[in-house]
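Throughout, a chain's letter reflects where its sequence line sits, starting with A, and its residues are numbered from 1. The figures that follow rest on heavy atoms only: side chains count, while hydrogens, waters and symmetry mates do not. Everything quoted here is computed from the prediction, not taken from an experiment.
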2 protein chains.
Amino acid sequence: MAERIADHLRKALEDEIVTGRLAPGTRLDEVSLATRFDVSRTPIREALHQLSTSGLIELRPRRGAIVTPVTTEDLVEMFETMAEMEAVCGRLAARRMTDDERRGLLDAHEACRLAAETEDIELYYERNVDFHRVIYTGSQNGFLANEVRQLRRRLQAYRRLQLRVRGRMSSSFAEHEAIVEAIMAGEEVRAEEALRAHIMIQGERFNDLLMSVNSLKKSGE
Amino acid sequence: MAERIADHLRKALEDEIVTGRLAPGTRLDEVSLATRFDVSRTPIREALHQLSTSGLIELRPRRGAIVTPVTTEDLVEMFETMAEMEAVCGRLAARRMTDDERRGLLDAHEACRLAAETEDIELYYERNVDFHRVIYTGSQNGFLANEVRQLRRRLQAYRRLQLRVRGRMSSSFAEHEAIVEAIMAGEEVRAEEALRAHIMIQGERFNDLLMSVNSLKKSGE
DNA sequence: CCCCACAAAATTGTATACAATAGAATATTG
DNA sequence: CAATATTCTATTGTATACAATTTTGTGGGG
């Protein structure tokens with residue numbers, strides 16, 4: 001395995017940020033990280049620089065790195081962008097998916113149904129990711145698919161929470177149903193709208209969640 | 001000026017790649033760059049790593065960096081993605097632009113007209129960038145606006161050529177006209193479609209250009 | 001003449017040493 | 001005592017030294 005340490009570090013840190021183990025605002029100083037991973041500062045720096053270009057951390061000259069603090073406004077914007085991009089993928093997929101890919105979509109949908117029925121949140125989460133990936137690929141635009149995947153990954157920390165919201169899993173599955181129907185029928189506009197709505201709902205649910213947490217905090221003071 | 005050398009290098013290289021001075025496939029070895037910019041390898045490496053995350057160069061472990069070779073297929077995909085994202089901006093802008101921003105759009109449009117009338121390609125290029133930026137901002141989604149700007153920048157090398165295609169400047173301006181009308185009237189769908197078409201045409205023109213270059217090459221052999 | 005093995009050279013990956021700067025702590029002065 | 005100037009410390013930015021690996025070049029065998 002010819003993997004560079006720096007790449008390994010990037011992935012490790014990426015993972016910790018994206019899953020929320022490293023909270024936004026956390027300071028990342030090079031020597032601590034170096035001792036923690038038992039390497040020199042050099043690969044640490046490279047990893048940090050890479051993370052800064054993908055926006056996960058902020059790198060202020062001479063002042064070190066912090067995990068990018070994401071305001072609720074940022075999140076709303078990111079969810080909206082996500083919704084629009086997925087919608088585009090859906091429209092293109094409805095027009096372009098091959099027969100094989102359409103079968104794959106049905107399979108992915110079935111896998112979601114199974115996970116939803118057993119009410120296994122972790123499993124549904126995985127299957128849901130697969131389901132959406134099939135649609136990205138179906139757009140026949142590898143560049144677009146890649147961009148959307150990156151954005152989804154970036155929002156990962158905030159999405160996992162959502163499925164825990166009461167009843168979210170089954171309504172998510174119901175929304176998938178509409179998406180599948182539209183794509184299978186080749187109805188571009190309907191596919192686009194169904195996907196946009198599907199993602200936006202999650203943004204809204206997430207906002208609800210945030211609001212309730214905030215009001216709890218305030219009343220607790 | 002507290003700018004890091006690494007950042008300066010990144011910008012310099014970015015510029016050379018994006019303007020085409022550094023052709024796709026060019027090998028970038030660290031020592032040459034270090035001597036050329038008269039710095040050590042350390043900041044060079046940081047710049048290269050950053051460029052690799054934004055996709056401008058490919059960084060193969062232990063095998064150095066090359067300017068990402070972009071196939072025509074890649075370009076088609078990138079132009080399509082660009083068209084779709086600009087279309088989204090246009091739709092949102094038609095719905096959300098403030099009165100001030102609408103005035104700004106008219107101003108930017110007028111500036112394009114002036115440049116088009118004097119047939120100053122460089123000037124039109126600048127004004128055109130401004131025009132589109134106004135629309136990005138008008139979407140009221142800073143995250144989306146930023147993503148589109150980045151993509152536009154990445155396609156910069158290939159776009160500048162287009163305006164040289166016979167008559168492209170005046171038809172570009174005519175297309176702007178349709179976009180402005182739709183946005184000013186708040187007609188979301190029309191704005192979306194006009195923008196998508198506007199960008200896609202450039203992708204197609206670019207393809208034509210490439211084809212002709214390729215056939216020239218072949219007949220010359 | 002081609003192919004493979006092996007050695008040499010060039011190049012990248014990592015560690016460490018040194019320089020420069022920002023922020024904290026302390027001293028100084030009105 | 002407050003405000004400001006000044007040192008001091010911690011941390012980042014850069015250079016260089018060393019290790020590891022890929023690529024290149026050369027020679028022998030088929």
Side-chain angles (χ1 to χ4, degrees), chain A residues 1-18 21-71 150, chain B residues 1-18 21-71 150:
Chain A
M1 210 43 247
E3 173 125 322
R4 284 174 305 200
I5 295 180
D7 282 354
H8 176 73
L9 290 172
R10 180 180 53 71
K11 283 180 194 154
L13 288 171
E14 212 170 69
D15 210 61
E16 293 191 19
I17 293 169
V18 133
R21 287 204 299 283
L22 273 170
T26 308
R27 193 143 183 297
L28 299 169
D29 83 293
E30 300 175 0
V31 289
S32 312
L33 290 172
T35 55
R36 183 178 141 207
F37 287 102
D38 195 40
V39 293
S40 82
R41 272 176 55 219
T42 311
I44 298 280
R45 299 198 97 232
E46 292 187 352
L48 291 180
H49 278 267
Q50 284 184 261
L51 290 171
S52 86
T53 27
S54 53
L56 269 88
I57 68 172
E58 249 170 54
L59 210 52
R60 297 159 306 173
R62 296 265 174 206
R63 303 185 54 211
I66 57 169
V67 179
T68 305
V70 185
T71 66
Q150 265 184 251
Chain B
M1 214 37 250
E3 174 126 322
R4 284 173 303 195
I5 294 179
D7 282 354
H8 175 74
L9 290 172
R10 179 179 54 70
K11 282 180 194 154
L13 289 171
E14 213 169 69
D15 211 60
E16 293 192 19
I17 293 170
V18 133
R21 285 204 301 283
L22 272 170
T26 309
R27 192 144 185 296
L28 300 168
D29 83 294
E30 300 175 359
V31 288
S32 312
L33 292 172
T35 53
R36 183 176 143 210
F37 288 102
D38 196 40
V39 293
S40 83
R41 274 176 53 219
T42 312
I44 297 280
R45 299 200 95 232
E46 292 186 352
L48 291 181
H49 278 269
Q50 283 183 261
L51 290 170
S52 86
T53 25
S54 53
L56 271 98
I57 69 173
E58 249 170 52
L59 211 51
R60 296 159 307 173
R62 295 265 176 205
R63 304 188 52 207
I66 58 171
V67 179
T68 306
V70 185
T71 66
Q150 266 183 252

_On DNA chain C, compare the nucleotides closest to B/Thr42 and B/Leu28; which residue's is nearer the 5' end?_
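Mapping each residue to its closest nucleotide by heavy atoms, the 5'-most match is B/Leu28.
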
For the pair made of [atom1] in [X] and [atom2] in [N], what is the distance, rounded to whole Å?
{"X": "A/Asp29", "N": "D/dG13", "atom1": "CG", "atom2": "P", "value": "12 Å"}
{"X": "A/Arg60", "N": "D/dT11", "atom1": "CZ", "atom2": "C1'", "value": "12 Å"}
{"X": "B/Leu33", "N": "C/dA10", "atom1": "CG", "atom2": "P", "value": "18 Å"}
{"X": "B/Arg4", "N": "D/dT12", "atom1": "CZ", "atom2": "C1'", "value": "9 Å"}
{"X": "B/Arg27", "N": "D/dT23", "atom1": "CZ", "atom2": "C1'", "value": "9 Å"}
{"X": "A/Arg45", "N": "C/dA15", "atom1": "CZ", "atom2": "P", "value": "14 Å"}
{"X": "A/Ile66", "N": "C/dG23", "atom1": "CD1", "atom2": "P", "value": "13 Å"}
{"X": "A/Arg41", "N": "C/dA20", "atom1": "CZ", "atom2": "P", "value": "15 Å"}

*Within the structure, does a side-chain N or O atom of B/Arg63 lie under 4.0 Å from either OP1 or OP2 of D/dT23?*
yes

*Reckon A/Arg62 has a side-chain N or O less than 4.0 Å from the OP1 or OP2 of D/dG13?*
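No.
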
Once you round to the nearest 0.5 Å, how far does [atom1] of [X] lie from [atom2] of [Y]?
{"X": "A/Ile57", "Y": "A/Leu22", "atom1": "CD1", "atom2": "CG", "answer": "10.5 Å"}
{"X": "A/Leu33", "Y": "A/Arg45", "atom1": "CG", "atom2": "CZ", "answer": "12.0 Å"}
{"X": "A/Leu13", "Y": "A/Leu48", "atom1": "CG", "atom2": "CG", "answer": "6.5 Å"}
{"X": "A/Leu51", "Y": "A/Ile17", "atom1": "CG", "atom2": "CD1", "answer": "5.0 Å"}

*asked:* Nearest to the A/Ser40 side chain among D/dG13, C/dT16, C/dT11, which nucleotide is it?
replied: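 Ranking D/dG13, C/dT16, C/dT11 by closest atom to the A/Ser40 side chain puts C/dT16 first.
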
*Considering only side-chain heavy atoms of B/Pro43, which listed nucleotide, D/dG13, D/dA15, D/dT12, is closest?*
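Of the options given, the side chain of B/Pro43 lies nearest D/dA15.
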
